[in-house]
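Below is one structure; the comments refer to it alone.
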Amino acid sequence: MLSRIAEALFWIGRYVERADDTSRILDTHLQVLLEDSWVDESAACRSLLSVMGVQDVPDEVNRREVVTRLVDASGPSSIVGALGAARENARRARETVSTEMWQVLNTTWTQLPEVRRDSISVHDFLTWVRERSAMVAGVADATMSRDDCWHFIALGRALERADMTARLLAMRAIEGGPSWTHLMRSCGAYQAFLRTYRGAAGDANAAEFLLLDRLFPRSVFAALTSAEVCLQALEPASGRVGVSDGARRRLGQVRTGLEYRGADDLMADLPGEMERIQRACSLASDDISARFFPRGATTAWVSEGAS
């Protein structure tokens, strides 16, 4: 497979997942501000933008500024920018992605301005974004062979999901952060959580479920495991000692750190642990780019000096 096609597929997975997870995080934040009038709105909004990696946050910021930065801003870090970037990457890999997947991404992009304008509330728009993201993921899973093309999309999705779930969990520690119930609902995990723990809801159980559960696909542990499986399928280990793939090694280290520690230990320093996961995902992404999407060396033309 051409590296440019592989890169486009990888980023389709990442950008669609980014739009989905950003909509979940933002919807949860706005719901908390709406339900709790005692929350310091400016401090909570600054903390959220910091968790989401937004730079140059002003001292005074309100929910409208948060929506502008995370929904409408230019660049792939916003919802609109991420969906546009996913559609552009699908156009570049048009000969590889299925027709149904291209149609879903293209229709999402063309309908986005109208839906954004006509939505009664931000919540309605964010719900539409989640529905379209789920449709993209479902079409990809239903219409693509489980070959390298699908593995690159799934790898991007899993890596982004681990990073964004870590960001969502980091919100629990910020000022005016959401409750565990809000976090569970934002991940679509509440019903699965109640079935797993048979109604024994509690902070420790909720943290354990979102961090460590092997069966729920949006848990940090499950997302990291999925990313490792995709990397192993793309490049099976051939050596006799250790793991030579830098991305697999980084993800395996942070996954092992989760697997063999209890929720209580992780909760003791939740922001620090979530930052460690985000850093590992970022470094793994750099390793993947260097391994599978190498950039050609740029030729520097130097004029010959007069002898």
Side-chain angles (χ1 to χ4, degrees), residues 1-30 49 52-54 64-145 149-161 163-165 167-168 186 188 218 285 289 293:
M1 182 189 300
L2 295 176
S3 62
R4 65 174 180 83
I5 298 297
E7 184 175 20
L9 295 170
F10 174 76
W11 284 104
I12 289 172
R14 291 207 68 166
Y15 285 137
V16 172
E17 186 66 28
R18 183 175 301 174
D20 184 7
D21 291 339
T22 301
S23 71
R24 293 174 181 277
I25 292 173
L26 180 57
D27 205 15
T28 299
H29 175 79
L30 295 177
L49 292 176
M52 297 301 294
V54 177
R64 179 171 297 180
E65 176 72 14
V66 169
V67 171
T68 299
R69 297 262 189 143
L70 297 183
V71 175
D72 301 317
S74 59
S77 60
S78 70
I79 291 174
V80 172
L83 291 176
R87 188 261 184 189
E88 179 62 21
N89 278 282
R91 186 185 65 80
R92 294 174 182 173
R94 184 66 187 84
E95 68 274 21
T96 304
V97 300
S98 65
T99 299
E100 290 86 351
M101 185 175 179
W102 162 251
Q103 289 174 342
V104 170
L105 282 167
N106 191 49
T107 301
T108 299
W109 177 244
T110 55
Q111 290 181 348
L112 194 149
E114 180 181 354
V115 174
R116 181 74 179 100
R117 182 185 67 245
D118 296 341
S119 294
I120 298 176
S121 65
V122 177
H123 171 75
D124 290 338
F125 174 73
L126 296 177
T127 300
W128 179 83
V129 169
R130 293 197 294 275
E131 291 174 351
R132 298 302 297 187
S133 299
M135 189 177 295
V136 173
V139 167
D141 288 346
T143 62
M144 295 185 68
S145 299
C149 296
W150 183 85
H151 281 115
F152 273 114
I153 291 179
L155 173 60
R157 181 171 59 199
L159 199 62
E160 189 71 22
R161 181 172 291 176
D163 176 77
M164 295 298 277
T165 302
R167 292 178 188 272
L168 183 66
S186 69
R218 288 192 174 276
S285 181
S289 296
F293 324 131

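When reading the values below, keep in mind they use all heavy atoms of this one structure, side chains included, and skip hydrogens, waters and symmetry mates.
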* To do: Take R130 and T127 through the test side chain to side chain contact (heavy atoms under 4.5 Å, CB included) and record every step on the way to the result.
  => CA-CA 5 Å; R130 293 197 294 275; T127 300; 3.4 Å; yes
Between [atom1] of [X] and [atom2] of [Y], what distance do you get to the nearest 0.5 Å?
{"X": "T108", "Y": "W128", "atom1": "OG1", "atom2": "CH2", "result": "5.5 Å"}
{"X": "E7", "Y": "S289", "atom1": "CD", "atom2": "OG", "result": "6.0 Å"}
{"X": "I25", "Y": "L126", "atom1": "CD1", "atom2": "CG", "result": "11.5 Å"}
{"X": "D21", "Y": "R157", "atom1": "CG", "atom2": "CZ", "result": "11.5 Å"}
{"X": "R132", "Y": "L112", "atom1": "CZ", "atom2": "CG", "result": "10.0 Å"}
{"X": "S285", "Y": "W11", "atom1": "OG", "atom2": "CH2", "result": "4.5 Å"}

* M101 and I12, any side-chain heavy atoms less than 4.5 Å apart ->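 SC-SC contact between I12 and M101 confirmed.
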* Partner set under side chain to side chain donor-acceptor pair (under 3.5 Å) for T165, not counting sequence neighbours ->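 By the side chain to side chain donor-acceptor pair (under 3.5 Å) rule, T165 matches no residue at all.
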* Asked: Quick one: side chain to side chain donor-acceptor pair (under 3.5 Å) partners of R87, sequence neighbours excluded?
  ->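 So R87 forms a side chain to side chain donor-acceptor pair (under 3.5 Å) with N106.
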Looking only at non-hydrogen atoms, find the nearest pair between [X] and [Y] and report the distance.
{"X": "G156", "Y": "R14", "value": "O-CG, 3.2 Å"}
{"X": "R18", "Y": "M164", "value": "O-CE, 4.1 Å"}
{"X": "P76", "Y": "Y15", "value": "CB-CE2, 3.3 Å"}
{"X": "V97", "Y": "A90", "value": "CG2-O, 4.2 Å"}
{"X": "R92", "Y": "I5", "value": "O-CD1, 3.8 Å"}
{"X": "L83", "Y": "W109", "value": "C-CE3, 4.1 Å"}

Set of salt bridge (Lys or Arg N to Asp or Glu O under 4.0 Å) partners for [X], sequence neighbours left out:
{"X": "R91", "result": "E88"}
{"X": "D20", "result": "R24, R218"}
{"X": "D124", "result": "none"}

* Please answer whether the main-chain N or O of V104 pairs with a side-chain N or O of T107 as donor and acceptor at a distance below 3.5 Å. =>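 Here the side-chain-to-backbone pair does not exist.
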* Is the backbone N or O of A19 less than 3.5 Å from a side-chain atom of T22, with the two atoms forming a donor-acceptor pair by type? ->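 Not at all, since once roles are kept as given, no pair shorter than 3.5 Å links the two residues.
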* Apply the test side chain to side chain contact (heavy atoms under 4.5 Å, CB included) to residues W150 and L9: give CA-CA distance (whole Å), side-chain angles for both, the deciding distance (0.1 Å), then the verdict. => CA-CA 8 Å; W150 183 85; L9 295 170; over 6 Å; no
* How far apart are the C-alpha atoms of L30 and V66, what are their side-chain angles, what is the distance that settles it, and do they pass the side chain to side chain contact (heavy atoms under 4.5 Å, CB included) test? -> CA-CA 9 Å; L30 295 177; V66 169; 5.5 Å; no
* Would C149 and I153 count as a side chain to side chain contact (heavy atoms under 4.5 Å, CB included) if you check the C-alpha gap in whole Å, the side-chain angles of each, and the deciding distance to 0.1 Å? -> CA-CA 7 Å; C149 296; I153 291 179; over 6 Å; no
* Asked: Tell me, which pairs form a salt bridge (charged side-chain N to carboxylate O under 4.0 Å, His left out) where one or both residues lie in residues 98-117, sequence neighbours left out?
  ->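 Those involving residues 98-117 are D72-R116.
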